[in-house]
Amino acid sequence: MEKKVNGEALKAIGFTEGKIIGMILTQAASVTTDAATLLGLLTKLNEYPESFLDDPEWKSVAQAMVEAANAAVDTTIPLVGNPDAFAVYGPEFIEAGATTQMTTAMKLPITIAGALMPDAHQGYGLPIGGVLATRNAVIPYGVGVDIGCRMALSITDIPVEFFRANEARFKRELIAQTKFGAGNGFKGREKIDHAVLENETFQITGLLRGLKERAAAQLGTSGGGNHFAEWGVIDFAESDAELGIEKGQYLAFLTHSGSRGLGATIAGHYTRLAKSICPLPPEAANLAWLDLDSEAGQEYWLAMNLAGDYASACHAVIHRKMLQSVGAGLLGKVENHHNFAWKEILNGEEVIVHRKGATPAGKGVMGIIPGSMTAPGFLVRGKGEAAAINSASHGAGRQMSRTQAVKKITREAMRAELKANEVTLIGAGTDEAPMAYKDIRQVMSAQTDLVDTIAMFTPKMVRMAGDGSRED
DNA sequence: ATGTCC
């Protein structure tokens, strides 16, 4: 059956505009190529008209197509020209790139307010350490890749002296009860059941249904990067009535991790979707948002909350196993997300508060701000500072990138630093060395308007993902 | 951060 180059055939291979179809039919009449070859060529023309701009036979059609494409309505959403100012805490610690990214975020038409925490540094879209309040819209990259990345602290009834006298046992159990490494999960009978796996949100989309199995395998694992599980001593200079903890020193277990592959896949999926729905100028492209009244926005909101619950469940499992393994009882527990979005009231209005590497610090709200593997972390209580959108930093922040740290810091220097601070380390490369981080005390001094310190946690035994190994 | 673009 012979193919014909007619209007119907051109529509079948994707041409839509009558004017272009007319031009092609005119040109087709004056070429000798057989119909099948010609349709093949025209298929390419439709896909890549730019590559035909020098073609002697098809350049005029190609040019008309390129011009038509350029004249198409520009759907890019414009940014606001004169954005509001935003509060910056500890500007002397913050790299210029992070401030530029925050300024761009302030220009979104959905933005109500923003703030930059003293550990801020550049990220994708919103900077890490950035807080952004928006009106009825959620920005997947305003939450970050590791949805529900969080801290959890268990204050135990084990005397500090007992820990000091039995470090070998604590080390053995820290290795036995935790699992680190990108992609890692439990296999077979090692897998841990938890009510979060019965959360019906897993059934609302094909994406989530498909993620449940890996989530089940990774439940109770810690992942890689800057995630850790550590024993340390927490020092309460004063008794805390709310926690019910008397002044003094306690052995405590502290963890930092998130929602593993589950949250990462959700973040990736909805960021791509947001970018396709919400085209923004290049400098703001990663700040694409989803309207909370849209189906995609509601899906993301539910999926994000599922990832948050899952991350919380992971910490709960790690703490339960760890404390049980050493026979520790629980005196007090504090935990908080630092990569998440919440519906909150700001200056009397309901807003969506994105905290991407920022600790919730509403009035009276407790949170944990870790230092580094040798520097202290702080148990804090928020002051509810509106200018900071009820937030604080989520750590010390890096002063060297991972690549910089690997180049500059030797194994020996890292070992000496650990020894000087009497910290036992399991895993971790020089990219996580204490010297790669800013001075947490300086960072804390930049946010005295945002939080009060309740207690100080000193790391003693730290586990992180191995140096490139997956057999953690 | 993440089996690092379905």
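Note that the coordinates shown come from a computational prediction; the quantities given were computed from them, not determined experimentally. Computed from heavy atoms alone, side chains included, the values below leave out hydrogens, waters and symmetry copies. Proteins get letters first, then strands, A, B, ... in listed order; numbering begins at 1 in each.
Per the geometry, CZ belonging to A/R260 stands 13 Å off C1' belonging to B/dT4, to the nearest Å. Rounded to an integer number of Å, the gap from CD1 of A/I266 to C1' of B/dC6 is 16 Å. Going from atom NZ of A/K275 over to atom P of B/dC5 covers 11 Å, rounded to whole Å. Summarising the geometry, the separation between CD1 on A/I128 and C1' on B/dT2 is reported as 14 Å, rounded to the nearest angstrom. Between the NZ atom of A/K187 and the P atom of B/dG3 there is a distance of 13 Å, rounded to whole Å. One interatomic measurement links the two molecules: NE2 of A/H227 to P of B/dT2, which rounds to 6 Å at whole-angstrom precision. Atom CG in A/L273 sits about 17 Å away from atom P in B/dC5, given to the nearest Å. If you measure from atom CG of A/D146 to atom P of B/dT4, you get 15 Å, rounded to the nearest angstrom.
Taking the nucleotide of DNA chain B with the nearest heavy atom to each of A/R272 and A/E432, the more 5' of the two is matched to A/E432.
A/H269 comes within 4.0 angstrom of nothing in the nucleic acid, heavy atoms only. Heavy atoms of A/G225 sit under 4.0 angstrom from primed sugar atoms or phosphate atoms, though from no base atom. Counting non-hydrogen atoms under 4.0 angstrom, A/G268 reaches nothing in the nucleic acid. No contact: A/G144 has no heavy atom under 4.0 Å from any strand.
For A/H315, there are no ring-ring contact (aromatic ring centres under 6.0 Å, His included) partners two or more places apart in sequence or in a different chain. In this structure, the ring-ring contact (aromatic ring centres under 6.0 Å, His included) partners of A/Y270, at least two apart in sequence or on a different chain, are A/Y300.
Note that A/K171 lies outside the cation-pi zone of A/W231, set by a 6.0 Å cut-off to the ring centre and a 45° limit from the axis.
Using a cutoff of 4.0 Å between basic side-chain nitrogens and carboxylate oxygens, A/E17 and A/K11 are not scored as salt-bridged.
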